[in-house]
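Step one of this worksheet: look at the structure below.
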Amino acid sequence: MTPEQLSQALVDVLTALVDAGDVTLPDGVPAEVRVERPKSKEHGDYATNVALQLGKKAGVNPRDLAQLLADRLVAVDGVSAAEIAGPGFLNIRVDAGTQGVLAGTIVEAGAAYGHTTDAAGRSINVEFISANPTGPLHLGHTRWAVVGDAIARVIEATGATVTREFYINDRGVQMDHFGRSLMARAHGQEPPEDGYHGGYVADLAEKIVEAQPGILDLPDDEQLVAFREAGYVLQRGEHEAELSEFHTDFDVWFSERSLHESGAVERAFARIEEQGRLFEDGGALWMRTTDFGDDKDRVLRKSDGELTYFASDTAYYVDKRDRGFDPCIYLLGADHHGYVGRLKAMAACVGDDPQQQLEVLIGQLVKILSEGQELKLSKRAGTIVSLRELMDLIGVDALRYTLARYPADTPLTLDVAEMTKKSNDNPVYYVQYAHARLSSILRNAADLGIAVDAAAYDASLLTHEREGALLRALAELPRVVARAAELREPHRVARYLEDTASTFHKFYDECHVLPRGDEDATDLHRARLVLVAATRQVVANGLTLLGVSAPERM
RNA sequence: GCCCCCGUAGCUCAGUCGGAUAGAGCGACCGCCUCCUAAGCGGUAGGUCACAGGUUCGAUUCCUGUCGGGGGCACCA
C-alpha cells in the first residue's frame, strides 16, 4: 500500500461516513487527505491529523472522529491497524506482506518511477545564469546552473515540457568595455579604469591576435569592434562548453541583439500601448509600472534615443510568452531582488497576471572558504573562483550535489576542504556509495545465476522491519519529486536520497540479500533481490534529477 | 528612510502548506569486518529553535514588534 493509496482510502472512508450520516462536513469531504511518515516508530507506519482538522468543522470531538475513521479503515485491504493517539491523531500500520508489491512495481516502471503527470501539457520556461559574455562563469553562476537545471529536471518529471534558457547580454556598454579591455591587453597596456582587469582578458586577447594577426593594424574603431566580437564569440563558446561539461545543457541561448533585430522590441512597445501603459515624458518613453505597485515608472527609451536594458527585458518577456510559455521562471541572484517588483509590474503592463505567468526565484549568495579565508568572487577584480577551477578542484558530481542539497534562498558558506574530501564527509559519496553497493549486489546475483524477476517474486516475504522501512522510503519518491517541482525546491530530492540511502544501509546491515557459501537461493533471496533492484532504481532516478551520476562501482 | 532574505547543536545546514520526544553531516567519545563494497552500521555527549507579545486545543512553523547579520533601492549595465 502506497501513501497515495492510503490517502485515497481515507478520502473514501470519510465519504462513506458522510454518506452514512455519521458525520456532517459543512465544507464537504476534502479532495486529499495528507498522510505523513511519523518520526517515531511507535506512531505507526503512517499517521494523519485529519480528525484534528475536521473535528471542529464537523462539531465532533477529534478523538471520536478518529475512532469512526479507524473502525472503517481497518477493514480496508492492506491496512493492518489504526489506532487513536493523543488529541486525535490516527496512527496507521500497513500490512507488511502487501507492502512488498511496490518493489516489483518500481522495477517495472524503471526510470519512469517517481514521475507524475501533475503538470502534463504545460510548457514552462526556466531562465537561469544569463551571465554577461564578458568574463568567465564564477561560483554564483555555478549555483544557479545546478539549481536551475535541477528545477527544470524535477518539473519535467511532473510531465511538463521545460525549456532551459540562457539570456546573453550581448549589447550595451559592458560589451564595449570588454572590447576596449581586450584591445588594451593586446597592445600590452592596462585596460581602462571601467574595463575588465581579470587575467583572463590577456589570455583571450592573445588568442584573438593569434587567430587574426592583422587585427592590430586595423583602425582603432574597427579594431575595437573586431576585438569585442572575437572576444564575445570566444567567451560565449567557453560558457557553453563549460556548462556542457557541468551537465547543464541549455535549449536556447537567447541573444539580446536578436530582440532588436527581430522587431521584438517594437512588438513589446505595441503591447504596452495596447494596454494603455505607455507614455512619453521629457523626451523619454516610459512604462507606467506604478499602476501595478512599482516604486516608480520605468524608462524604456531614454531621451537620447537609446533603449534601456529594461526595454530589452520587457521585449524578451513578451517574446517568451509569444512562444507559449506559462509560466516564465526567472532565477535571479539576491543582488537583483530589487528587480522583482518591476518585472512583476512589467508583466501586468503587457496584460498578464504576474502571479501566474512570471515567477521569480531569488537565490542567495554563496561564499566559499579555503583554510578559513573567503575567496572573493569579484569578476572585475580578477580574483574569481571560476566554474572551471571549481570543476577541476572538486569534480562535477561533488560540486553539483553539494550545491543542489541546499535551498537556493538560503545564504551558503562552503568549505573547499570539505567538498574535496573523498569520504562520507561529503553526502554525495554517501548516496553514490549506496548506489555502488546496490549495483554490486546485482552483479553478484547475476554471477550466481539469480535473476531479478519483478513479475514473479513472493512479495509477502518482505516482512522484516528494515524491509518495511525501506519499502516505505521507496514509496515516497513520487511525493517528494512532485513537492520539489511544485515548490521549485530540488534540494528536497537530495535530502530524500540521503534519507533513503541511510535506510538502505541499515537494511543491508541486517538483511543478507544473497545466499552465502553453498546455500541454495530461496524465495526470500529472490524477493530481497527485487527490493535491491527497486532501491537501486530509486537512487539512480533521484541522482538523475540532480544531474549527478550514479556510479556502478566506487 | 523604504523593501527583500536570514537568525535552529561547537561548525555547516535540514525541518516548518500549525501537530505527538526538534534532525543530519562534520567535530568529540565508545563499540562492530572468518559473511553480498567498513565510502558502512550501532551507541554516548551536545538545543531557552535570536528575544517579546498575539492567534490556536496545539507555534520552531502563522501575525506584530524588538535586536542582530546580509543584500537591494539609477533616463546603470
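Per chain, numbering begins at 1; letters A, B, ... match sequence-line order. Below, all heavy atoms of this structure are taken into account, side chains as well, without hydrogens, waters or symmetry copies. As the structure is a computational prediction, the values presented were derived from the model and not from experiment.
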Exercise for the section: Tell me what P407(A) touches on the nucleic acid: a base, only sugar-phosphate, or nothing, going by heavy atoms under 4.0 Å. Expected result: sugar-phosphate

Problem - Residues in side-chain contact (heavy atoms from CB on, under 4.5 Å) contact with A485(A), at least two apart in sequence or another chain - result: V154(A), I155(A), T158(A)

Completion exercise
Pairs under 3.5 Å (Watson-Crick or G-U), crossing ones as [ ], inter-strand ones as |: RNA chain B comes out as (((((((..((((.....[...)))).(((((.......))))).....(((((..]....))))))))))))....

Fill in the blank from the handout: Here the residues of residues 521-528 of chain A within 4.0 Å heavy-atom distance, strictly under, of RNA chain B are none

Handout entry: Glycosidic conformation of rC33(B), taking syn as within 90° of 0 and anti otherwise
Key = syn

Mind listing the N/O atom pairs, protein and nucleotides 56-60 of chain B, below 3.5 Å?
{"residue": "rC57(B)", "atom": "OP1", "partner": "K56(A)", "partner atom": "NZ", "Å": "3.4"}

Exercise for the section: Not counting sequence neighbours, which residues clear ring-ring contact (aromatic ring centres under 6.0 Å, His included) with F507(A)? List them please. Expected result: none

Fill in the blank from the handout: So the salt bridge (charged side-chain N to carboxylate O under 4.0 Å, His left out) pairs with at least one residue in residues 302-317 of chain A (sequence neighbours excluded) are none

Problem - Any residue meeting side-chain contact (heavy atoms from CB on, under 4.5 Å) with N49(A), in chain and number order, not counting sequence neighbours - result: L52(A), Q53(A), F89(A)

Handout entry: Stacking check Y406(A) vs rA14(B) (5.5 Å / 30 deg)
Key = no

Exercise for the section: Describe the nucleic acid contact of G86(A) in one word from base, sugar-phosphate, nothing, applying a heavy-atom distance below 4.0 Å. Expected result: nothing

Handout entry: Contacting residues from residues 493-520 of chain A, given that a heavy atom lies under 4.0 angstrom of RNA chain B
Key = R495(A), H505(A), K506(A), Y508(A), D509(A), C511(A), H512(A), V513(A), L514(A), R516(A)

Handout entry: side-chain contact (heavy atoms from CB on, under 4.5 Å) involving V60(A) - partner list, sequence neighbours excluded
Key = A58(A), D64(A), L65(A)

Handout entry: Side-chain heavy-atom pair F279(A), D297(A) within 4.5 angstrom cut-off
Key = yes

Give me the distances for all protein-to-nucleotides 73-75 of chain B N/O pairs that come in under 3.5 Å?
{"residue": "rC75(B)", "atom": "OP2", "partner": "K296(A)", "partner atom": "NZ", "Å": "2.8"}
{"residue": "rC75(B)", "atom": "O2", "partner": "S303(A)", "partner atom": "N", "Å": "3.1"}
{"residue": "rC75(B)", "atom": "O2", "partner": "S303(A)", "partner atom": "OG", "Å": "3.4"}

Exercise for the section: Return each pair, listed once, that meets side chain to side chain donor-acceptor pair (under 3.5 Å) where at least one residue sits in residues 529-538 of chain A; pairs must be two or more places apart or across chains. Expected result: H435(A)-R536(A), Q537(A)-N541(A)

Problem - Touch class at under 4.0 angstrom, heavy-atom based, for R553(A) against every strand present - result: base

Exercise for the section: Starting at the 5' end of nucleotides 1-10 of chain B, put B wherever the base has a protein heavy atom under 4.0 Å, S where only the sugar-phosphate does, and a dash everywhere else. Expected result: --BBS-----

